[in-house]
A.B. asks: 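Take this structure, written in structure tokens, and hold onto it; I'll ask about it next.
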Amino acid sequence: MGTNDGDGMEKEIINLLSSTQIVIHDALKKLGFNQEVFHLLEEPLRTMTVRIPIRMDDGSTKVFTGFRAQHNDAVGPTMGGVRFHHMISEHEVKALSMWMSLKCGIADLPFGGGKGGIVCNPRTMSSGELERLSRGYVRAISQIVGPTKDIPAPDMYTNSQVMAWMMDEYSRLRQFDSPGFITGKPLVLGGSEGREKAGAKGVTICTEEAAKKLGIPIKGARVIIQGFGNAGSFIAKFLHDLGARIIGISDVYGALYNPDGLPIQYLLDRRDSFGTITTLFEGVITNQELLEQECDILIPAAVSNQITAENAHNIKAKIVVEAANGPTSFEATKILTKRNIMLVPDVLAGAGGVTVSYFEWVQNNQGYYWSEEEVEIRLRERVIRSFHDIYELAIARNINMRLAAYMVGVRKMAEASLFRGWI
Ligand code: NAD
């Protein structure tokens, strides 16, 4: 199960990295690429570690460590978030940059994957300290990033304000306005309509498509969502608006379950900014009990490693849509596949955010901005296309959708690396 202590977390990250490498290996093999291609793609091409001295409000100087990993730039510049977290490690940004590459390949974007992070605890820092840290990070990595090299974006504990400081710092360094350097900016600085909800929209569209494939009408479908934060709450709202019956939701403290359906708007109005809601109610069940309830669609949207070899046999959903990163273990994927449960993998379900980041970059480059409806139409078109490519491949090759998604995700990177003569 998910763990919060440092060593446990590092082990989980290393497991995630190695299971990602195993699936990439299988995917390349199925596509007929040789071992040299795997050696190129099993680790990022570049990882930079930087030390950032920052003047704190009390006059002292603190030195922070930051990372930027660029997995593969054969298809185009790399793209991916920057997270602020006290336990971020080099292993983690490396693994996440590989996932970004897969998402870019799946969404058919002209990018490879990147990821960055700074070891810090943003909750204990003032706004001035966070601004100096954001600017210091951009100065430290400025040689390897840029609108045609590597484009950062918001991630865990970074937001549009952090993106604005970073964009301003980069523009000052280069001495020209560079909105295309970073995505997830405020609208007035060239941000895109629909960017904040894009991740949850992508998950919702995948859920609609998966339900169609199994002949389950979304109207009235019984849905359980683990997590009621940014992702889970928006997914709950979007599916509720489509007529689905949300029968279970949860947060870190427990879960609410009612087979007749939960009052979603009432819960949305009362959740706090950390996605906590269950503390307001009695009769709360555990997260593990929630995952094992009868439903049509189960959406883990909280943390990694929730469906494992221990509970995969008890999952009763017909469809599992992975909104969180890595909620289903390697062994559990095999068990669910054997049990004929459709698993929509994280790299597919979670590609909505990077797709709208791409749209933001395109709008910045052309200096012409789209309405929220235009963004949503384009997002829907791409997510549906990716879903169908992967679903059809999984059927044709008799493999699970995770392996099929990895095959679609690595193919362009591998081909582009070969055409460039890198291998
Ligand atoms: P968040 O911090 O806003 O919310 C996390 C939610 O999970 C909270 O309700 C929290 O109480 C709950 N939670 C935390 N630990 C838990 C545990 N051990 N067991 C059960 N519940 C727990 O985070 P978020 O932005 O909603 O992201 C959650 C996941 O979904 C991440 O993996 C993220 O990458 C992915 N995702 C995010 C978005 C988005 O729009 N932010 C979109 C798609 C996917």
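These numbers come from a predicted model, not from an experiment. Both backbone and side-chain heavy atoms feed into the values below; hydrogens, waters and symmetry mates do not. Read the numbers this way: they start at 1 and go in the same order the structure lists the ligands and their atoms.
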A.B. asks: Could you check whether Asp108 pairs with Lys412 (Lys NZ or Arg NE/NH1/NH2 to Asp/Glu carboxylate O, under 4.0 Å)?
C.D. replies: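 Yes.
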
A.B. asks: Taking Lys185 as the fixed residue, which of Ser160, Pro179, Pro154 is the one that meets the side chain to side chain contact (heavy atoms under 4.5 Å, CB included) rule?
C.D. replies: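 Going through Ser160, Pro179, Pro154 one by one, the side chain to side chain contact (heavy atoms under 4.5 Å, CB included) with Lys185 is satisfied by Pro179 alone.
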
A.B. asks: Looking only at the side chains, is there a donor atom on one of Arg83 and Thr158 sitting less than 3.5 Å from an acceptor on the other?
C.D. replies: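 The criterion, which ignores hydrogens and geometry beyond distance, is not satisfied for Thr158 and Arg83.
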
A.B. asks: I'd like to know if the side chain of Ser101 pairs up with that of Asn72 as donor and acceptor (distance under 3.5 Å, no hydrogens or angles considered).
C.D. replies: no

A.B. asks: What do we get for Phe274 next to ligand 1 when only non-hydrogen atoms under 4.0 Å count, side chain, backbone, both or neither?
C.D. replies: backbone

A.B. asks: Any N/O of Phe228 closer than 3.5 Å to an N/O of ligand 1?
C.D. replies: yes

A.B. asks: Pick whichever of Ile225, Asn287, Ile299, Asn230 has a heavy atom sitting closest to atom 25 (O) of ligand 1.
C.D. replies: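 The residue whose heavy atom sits nearest atom 25 (O) of ligand 1 is Asn230.
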
A.B. asks: By the definition side chain to side chain contact (heavy atoms under 4.5 Å, CB included), identify the one residue from Ile118, Val119, Val50, Ile141 that meets it with Phe67.
C.D. replies: Val119

A.B. asks: Only heavy atoms of Gly275, strictly under 4.0 Å: list the atoms of ligand 1 that pass.
C.D. replies: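 Going through ligand 1 atom by atom, the ones under 4.0 Å from Gly275 are 8 (C), 9 (O), 11 (O).
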
A.B. asks: So, is Val203 polar-close to ligand 1, with some N/O to N/O distance under 3.5 Å?
C.D. replies: no

A.B. asks: Any non-hydrogen atom of Gly350 lying under 4.0 Å from ligand 1?
C.D. replies: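 No; Gly350 lies far enough from ligand 1 that no heavy-atom distance drops under 4.0 Å.
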
A.B. asks: Between Gly227 and ligand 1, does any nitrogen or oxygen pair lie at a separation below 3.5 Å?
C.D. replies: no

A.B. asks: I'd like the name of whichever of Gly352, Ala302, Ala324, Ala200 reaches closest to atom 28 (C) of ligand 1 through any heavy atom.
C.D. replies: Ala302

A.B. asks: For ligand 1, does Met156 get within less than 4.0 Å through its side chain, its backbone, both, or neither, judged by non-hydrogen atoms?
C.D. replies: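 For Met156, no heavy atom sits under 4.0 Å from ligand 1.
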
A.B. asks: Given Asp150, which partner from the list Lys115, Arg46, Arg68 fulfils the salt bridge (charged side-chain N to carboxylate O under 4.0 Å, His left out) test?
C.D. replies: Arg68

A.B. asks: Heavy atom to atom 44 (C) of ligand 1, shortest distance: which of Gly199, Pro327, Ser233, Ala323 holds it?
C.D. replies: Ala323

A.B. asks: Based purely on interatomic distance, does Thr276 place a nitrogen or oxygen under 3.5 Å from a nitrogen or oxygen of ligand 1?
C.D. replies: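 No.
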
A.B. asks: Is there a donor-acceptor pair closer than 3.5 Å between any side-chain N or O of Asn365 and the backbone N or O of Val362?
C.D. replies: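 No: the side chain of Asn365 does not pair with the backbone of Val362.
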
A.B. asks: Hey, is ligand 1 close enough to Gln306 that some N/O pair sits below 3.5 Å?
C.D. replies: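 Such a contact does not occur with ligand 1.
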
A.B. asks: Determine whether the side chains of Arg382 and Thr355 contain a donor N or O and an acceptor N or O closer than 3.5 Å.
C.D. replies: no

